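Report on the following structure.
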Amino acid sequence: MAKILLVGNGAREHCIAETLKRNKETELYSYIKSKNPGIVSLSKDFEIGNYNDLEKIKIYTEKIKPDFTFIGNEEPLNNGVVDLLKELNTDSIGPTKNLARLETSKSFTRNLLKKYKINGNPKFEVFNKNNINDAKDFIDSLNQCVIKPDGLTGGKGVKVQGDHFFTKKEALEYCKEVLQTHPIVVVEEKLEGEEFSLQCLTDGKTAVATPPAQDHKRAFDGDKGPNTGGMGSYSCENHLLPFLTKRDVEDGLKITQKVAEAIYKETGEFYKGIMYGGFIVTKNGVKLLEYNARFGDPETMNVLPLMETDFVGVCNAIINQKLHQIKIRFQNEATVCKYLVPRGYPDNPAKSGKIEIGKIPKDARIYYASVEQREDGLYTTSSRAAACVGIAENLEKAEKIAEEATKSVKGKLFHRGDIGTKKLIEKRVRHMKEVLSPNK
Ligand code: GLY
């Protein structure tokens, strides 16, 4: 029997719970911010609480005495939950607060790659209140730039020239604005290319890649509208993407392997958990956009349902630093995930709408996200509601299944119909060809 405590309440954690529970020996407990019916139905017991309530997490852990804890989302990592669990002699899948800087501090990660001479950084400079006057020259030296606050911003702090602002003057103004609320701002050159998510499992010594996936940040079809937490994602049966080569994936993994080693050299601590690299294929090779210290949401739903190897065994191999001894296998199937979100999301979401789930089509899966089970039914919050996933032998079939699944959920919701479609994939491939063209 493996007693596992899962922290987190989204569709990502619903999918993690399902994958852990495929092992018949798993006894799952969960600490959740709101009552996600998917997670609750898979758990022997659950506790509702905030991710910054360390005392409550401590009391619940002491009551459950889990063999290990799986931290799903970044908030508890940033709040030092893994450090707290260490004090209670409980192992975790997820880094300590110090190592979670890989996600929570953009400057930490950029400087780490620079110090250990690891490929993947764009041109970048780090500014604070003392040297902000030098930012103008650096911004002027770049063709276009990206401004990143140093800290967790829920995906809303990063601003890109051409998307969120247009002139160098605006870039400098935004840097100064960021410094009102953050100690550091990172300025980077804007990279052009196609992005992919490579979620790697690591025990601090060995890193293993899961199949690459591509997320869709914009709210509306055709990549229009505001940025969101992610409206959906896809992965392919050959464990590449239509614009991605085997070499690109290997390069992403190589960077991650070197970063895992560099973290140990830098801090004396082994990183045990997920290193999810947001990479971009550019004319000058694979570059790193950012790391996240947990699985992607939605990209978890593209990889964990395909995992053939026992996930509990994989978690134990991470904890005991035995990842090099096991082979982690994934089915050769394509996946498409489409998020149903409340109307008006992300800027002005309709709150507390009732939703009803009808018959879910064969081969489809629904993972609950920010929904709350009340006595009289299921209600949305202001965030993403449910992830509809299709899994099949190719993208075309997987997309149709996911699309069909969206129809089984009734409520004031919308989704992106174009994710995983031939038309959008061809657009990505054309873009990649343009970027790599020698005339560019
Ligand atoms: N796919 C975006 C994220 O998980 O942060």
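Both counts, for ligands and for their atoms, begin at 1 and track the order of listing. None of the values given here were measured: they were computed from a predicted structure.
The atoms of ligand 1 that sit less than 4.0 Å from any heavy atom of D215 are 1 (N), 2 (C). Numbered from 1 in the order shown, with element, the atoms of ligand 1 that lie under 4.0 Å from a heavy atom of G296 read 4 (O). Those atoms of ligand 1 with a heavy atom of E299 less than 4.0 angstrom away are 1 (N).
The side-chain hydrogen bond (donor to acceptor under 3.5 Å, both in side chains) with Y116 is formed by just one residue from the set K258, E261, E266, K265; it is E266. The only option from D297, T406, T228 that meets the side-chain hydrogen bond (donor to acceptor under 3.5 Å, both in side chains) definition with Y339 turns out to be D297.
At under 3.5 Å, not a single nitrogen or oxygen of R12, backbone or side chain, sits near a nitrogen or oxygen of ligand 1.
Of the possible polar contacts, one joining the Y51 side chain to the K33 backbone as a donor-acceptor pair under 3.5 Å is found. Here the side chain of D203 pairs a donor or acceptor atom with the backbone of L323 at under 3.5 angstrom.
The shortest contact between atom 2 (C) of ligand 1 and any protein heavy atom is with Y276 OH, 3.3 Å.
With a 4.0 Å heavy-atom cut-off, ligand 1 is reached by the side chain of K217 but not by its N, CA, C or O. Contact annotation: for R294 versus ligand 1, heavy atoms closer than 4.0 Å belong to the side chain alone.
Distance check, rounded to the nearest 0.5 Å: OH of Y174 to CZ of F165 gives 9.0 Å.
Side chains of Y29 and E47: no donor on one and acceptor on the other come within 3.5 Å.
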